[in-house]
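Naming: A, B, ... by sequence-line order, numbering from 1 per chain. All of these numbers come straight from a predicted model, not from anything done at the bench.
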There are 2 protein chains.
Amino acid sequence: MENFRAVLRARELKMSKVREVVASCALRQVGHFSVEDLVRALQAEGVQEAHMATVYRAMPLLVEAGLVQATLISAGDSQHYEVVFEREHHDHLVCTSCGRVVEYRSEALLALQREIAARYEFELEERVSELHGKCKECRRAKERRVARS
Amino acid sequence: MENFRAVLRARELKMSKVREVVASCALRQVGHFSVEDLVRALQAEGVQEAHMATVYRAMPLLVEAGLVQATLISAGDSQHYEVVFEREHHDHLVCTSCGRVVEYRSEALLALQREIAARYEFELEERVSELHGKCKECRRAKERRVARS
DNA sequence: TTCAGTGCAAAGGATTTGCAACACC
DNA sequence: GGTGTTGCAAATCCTTTGCACTGAA
């Protein structure tokens, strides 16, 4: 939350009651969530003063503050986010059949990506690293289908 | 193009003049392109019969045929693609300031990702692997700005 | 001859934006 | 007390879809 205030200050923006409650609610989200999810969560907490537009306006600030991160995994079209502040770094494996998401940690991968960024003299800020494929169960299901036909 | 025909056959779809010209034009694209870019390219070739909707409908087939691949890098909101058929595998470094895109190849990264997928028993189909950060030039520019103020 | 493909225009859906009232600093 | 913020609704923009017509097998 301090990071958030710092970003606001740096951008000469103000901290408001609404921004505060949006930020704190976002931080309490588990897993991936969309702007709509967040609005629903806020309403569930009895916060009526959280309009879609306001949350849309707040998200980039939360990202900049390093509290949340945009993810690719999206149910449908909408952008999803996940909390990254004080969470362990991880990446995702996504099943292209059933949509199951497996999180994994790989220090080696992270190290390698850092090395690559350094090699090209980039200051690494964000990594998008997702592997898509068929999970074991879906592969089995497919084999059964083939065998039957 | 044979792959494309195979996909169409497998799905009991037909090869049409329009699909053919869309596919061949897509294969000739260099770098990242959007559906709109492709339509413009087609029109530049004098192909009038290539409507947006048609190209939108064709893209998933081209992806399935392994000719092109969806990319994350997008100028604005629209989905971008790039040719992958008979091109060397590569990933991207994207500058968050100037938008510059650097392609890099890393067999080690690829091998590691394959290993991770295997560990979780996923059959790897697609990798989304992008590093975002500030490139050297933008970092320098920023330093200059700070120094001046 | 029969489905599938195409053009077109209209619909859909996520996100953004203009503006008047309002709240921080 | 003057800016930045918010709610609201309308506007955008990419993408999808329904439909009548055309074309491939």
Integer-rounded Å distance: C:dA14 P and A:F33 CZ: 17 Å

Residues that B:E115 engages under side-chain hydrogen bond (donor to acceptor under 3.5 Å, both in side chains), provided they are two or more places apart: B:R119

Sidechain N-carboxylate O distance under 4.0 Å for B:R87, B:E82: no

A:H132 ring center near A:H92 ring center (under 6.0 Å): no

Residue list, side-chain hydrogen bond (donor to acceptor under 3.5 Å, both in side chains) with B:R28, at least two apart or on another chain: B:S24, B:E45

Side chain to side chain donor-acceptor pair (under 3.5 Å) partners of residues 102-112 of chain B, not counting sequence neighbours, each pair once: B:H90-B:E103, B:R105-B:E107

Interatomic distance, B:R9 CZ vs D:dA24 P [rounded to whole Å]: 17 Å

Set out, line by line, the N/O atom pairs under 3.5 Å between protein and nucleotides 22-25 of chain C.
{"from": "C:dC24", "atom 1": "O3'", "to": "A:M15", "atom 2": "O", "distance (Å)": "3.1"}
{"from": "C:dC24", "atom 1": "O2", "to": "A:K14", "atom 2": "NZ", "distance (Å)": "3.2"}
{"from": "C:dC25", "atom 1": "OP1", "to": "A:M15", "atom 2": "O", "distance (Å)": "3.1"}

B:I116 and A:L131, any side-chain heavy atoms less than 4.5 Å apart: yes

Letter per nucleotide, 5' to 3', of nucleotides 14-21 of chain D [B base touched, S only sugar-phosphate touched, - untouched; heavy atoms, 4.0 Å]: SSBBB---

Nucleotide C:dT6, atom C1' - distance to CG of B:L42 in whole Å: 14 Å

Touch class at under 4.0 angstrom, heavy-atom based, for B:A58 against every strand present: nothing

Ionic contact status for B:E2 with B:R5, cut-off 4.0 Å: yes

Which atom pairs, donor and acceptor, lie under 3.5 Å between side-chain atoms of residues 34-42 of chain B and protein residues at least two apart or in another chain?
{"from": "B:S34", "atom 1": "OG", "to": "B:E36", "atom 2": "N", "distance (Å)": "3.4"}
{"from": "B:S34", "atom 1": "OG", "to": "B:D37", "atom 2": "N", "distance (Å)": "3.1"}
{"from": "B:S34", "atom 1": "OG", "to": "B:D37", "atom 2": "OD2", "distance (Å)": "3.1"}
{"from": "B:E36", "atom 1": "OE2", "to": "B:R40", "atom 2": "NH1", "distance (Å)": "3.4"}
{"from": "B:D37", "atom 1": "OD1", "to": "B:R40", "atom 2": "NH2", "distance (Å)": "3.3"}
{"from": "B:D37", "atom 1": "OD2", "to": "B:S34", "atom 2": "N", "distance (Å)": "2.8"}

Presence of A:T54 side-chain N/O under 4.0 Å of D:dG7 phosphate oxygens OP1/OP2: yes

